[in-house]
Amino acid sequence: MAHILVIDDEFQIRQLVTRMLETDGHMVTTASNGAEGLRLFQQERPDLIITDLIMPELEGLEVINRIKKNNDNVPILAMSGGGHHCRRDVILHVSELFGAKAVLPKPFTRSELMQAIVVALS
Amino acid sequence: MPGLHVTTEQRYSTLLQQVIFAPNLNAREEFLAEAFELGRGALSQDAIPPDELVAIHHNAILCFSQKNPDMKLCDVVDLLTLPLIEMSMAYGMSFREQLEKQYRALLDKRLQESHRLEAVGTLAAGIAHEFNNLLCSIIGFSELAFEGLSDEEPAKESIQQVLVASLRARDLVSTMLQLARKNSGLPSEEIDLISEINSVIKLVDVREKKLEINFSSGVPNAFITAKPGQIQQIILNLCINAADAMEHCGTIDINIESTTSDECLTGVGESAICITISDQGTGIPPEVQEQIFNPFFTTKEPGKGTGLGLSVVHRMVEDLGGRILVESRTTGGNNGTDFRIILPFVDKDKRGTSCQKKCSLYKAHNHGG
Ligand SMILES: Nc1ncnc2c1ncn2[C@@H]1O[C@H](COP(=O)(O)OP(=O)(O)OP(=O)(O)O)[C@@H](O)[C@H]1O
Ligand SMILES: [Mg+2]
């Protein structure tokens, strides 16, 4: 089973994803913003990063950008419910261009999350 | 030679498509050069009349911008007009002017549309974003709860109901977003101002938490002819401006009344309806008032306003056969702005039948589902 870093500014979403992943036997670390996420990534070297895209402090896109610029090939799964100024499908597409391996529109069901993880880890 | 005529046109428009979908910059340059050559030859031999050449570009731009909604419009226009501009250098002034006019009109139309999307879409997307996050928790946690319960538990069925309902809500949110995106090409229909205004107030309420909107109507119903979404966009733009002028804190008054005043009716017709939107904001100084309807005129910081809101409102009100009046006070404790929109009423007899139609449709729908 994998070690997964989950980055989302919403506490409920972090809790939800953690519960879903742990039920499936994964090991989970969480971060509530991009900066904390990057720090934990360096420290713990997880097998997969699941990140929200629109967050205060440091945006998910920037997280992906910095990791990929560093030539780190950790797979990244980007999730988003869209934002005030950008459409969900657009920002998810952009995250793929930045280097996310899989995307997941919010809201998602448990099986959609699991499928996206399979794609990201493949 | 109509046969040749068609093929040259077709070849030309194919070249334009190749320009856009070119796999790399080199290929793109080649297609552009080829389009220029073909176009110049065709023009000098009168194989394609200038008008039609413009029409081909017009269609190409529309087609590509529809297919690539995320590509910047000015980039599409720039790219596709390049061969035309080069060609037109060689031709008369009048052709060039005609070109400019057509592109200006096209550009205006797209800008108007993108602004409409911005106004309605920003609010809809803002709500959708919050809904999506809430729904994510509702769906996810009810799934987890569902799986955690044994089949004998009576709560299991209840949770399944929650799950089904939240999945339906998810569909609803995405339908709402789609609607916000495309409602421009729809035909006009009879629309009840009161329910349109109420729906905008709901949208604004969610975003502007410190703002109060008072809505009163002096008439029981007010039908006008408009395209779906048009009224919402007008009211929305005016409400956003009012909210900005009051720094998002205060009261907006919206009132509708039938009007017979001469000042209002000039050019509108015998019976009209007047919508007044008043705020207690900063007010608009007289020298600014002259310019507020100009496209791109804004007093807001970069990034806060494009200056298109009122120009779009103005054009829409004109399209509807109506008028818009401004009254503003910048001094004293009485400062604020009133925007009045006067629109022609729908004919009384016609109104009756359309309402009946709507009612029976509604019934049929309810029985069905
Ligand atoms: N209710 C109001 N009170 C005070 N000033 C106003 C009001 N409505 C409009 N204005 C003035 O008119 C200008 C033009 O308004 P308009 O809606 O066209 O553009 P904008 O609000 O600046 O930008 P946009 O609507 O494109 O986001 C505003 O910048 C503002 O100075
Ligand atoms: Mg405005």
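Since this is a predicted model, take the numbers as computed values, not measurements. A note on names: the letters A, B, ... follow the listed sequences, proteins ahead of strands, and every chain is numbered from 1.
Comment: B:E130 does not engage A:K106 in a salt bridge, judged by the lack of any side-chain N to carboxylate O separation of less than 4.0 angstrom.
Atom CD of A:E44 has more than 12 neighbouring heavy atoms from other residues, nucleotides or ligands inside a 6.0 Å radius. For A:Q12, the CD atom sits in a loose shell: 12 or fewer heavy atoms of surrounding residues, nucleotides or ligands are nearer than 6.0 Å.
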*asked:* Working note: B:L163 + A:T109, criterion side-chain contact (heavy atoms from CB on, under 4.5 Å); need CA distance, chi angles, decisive distance, verdict.
replied: CA-CA 10 Å; B:L163 201 54; A:T109 63; over 6 Å; no
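A:E10 touches chain B through its side chain: at least one heavy atom from C-beta onward sits under 4.5 Å away, while N, CA, C and O do not.
Chosen from B:N133, B:L167, B:L135, the residue pairing most often with chain A at heavy-atom distances under 4.5 Å is B:N133.
Among the residues in residues 136-156 of chain B, those with a non-hydrogen atom closer than 4.5 angstrom to a non-hydrogen atom of chain A are B:C136, B:S137, B:I139, B:G140, B:F141, B:E143, B:L144, B:E147. At a heavy-atom separation below 4.5 angstrom, chain B is approached by A:I13, A:Q15, A:L16, A:R19, A:M20, A:T23 within residues 13-23 of chain A.
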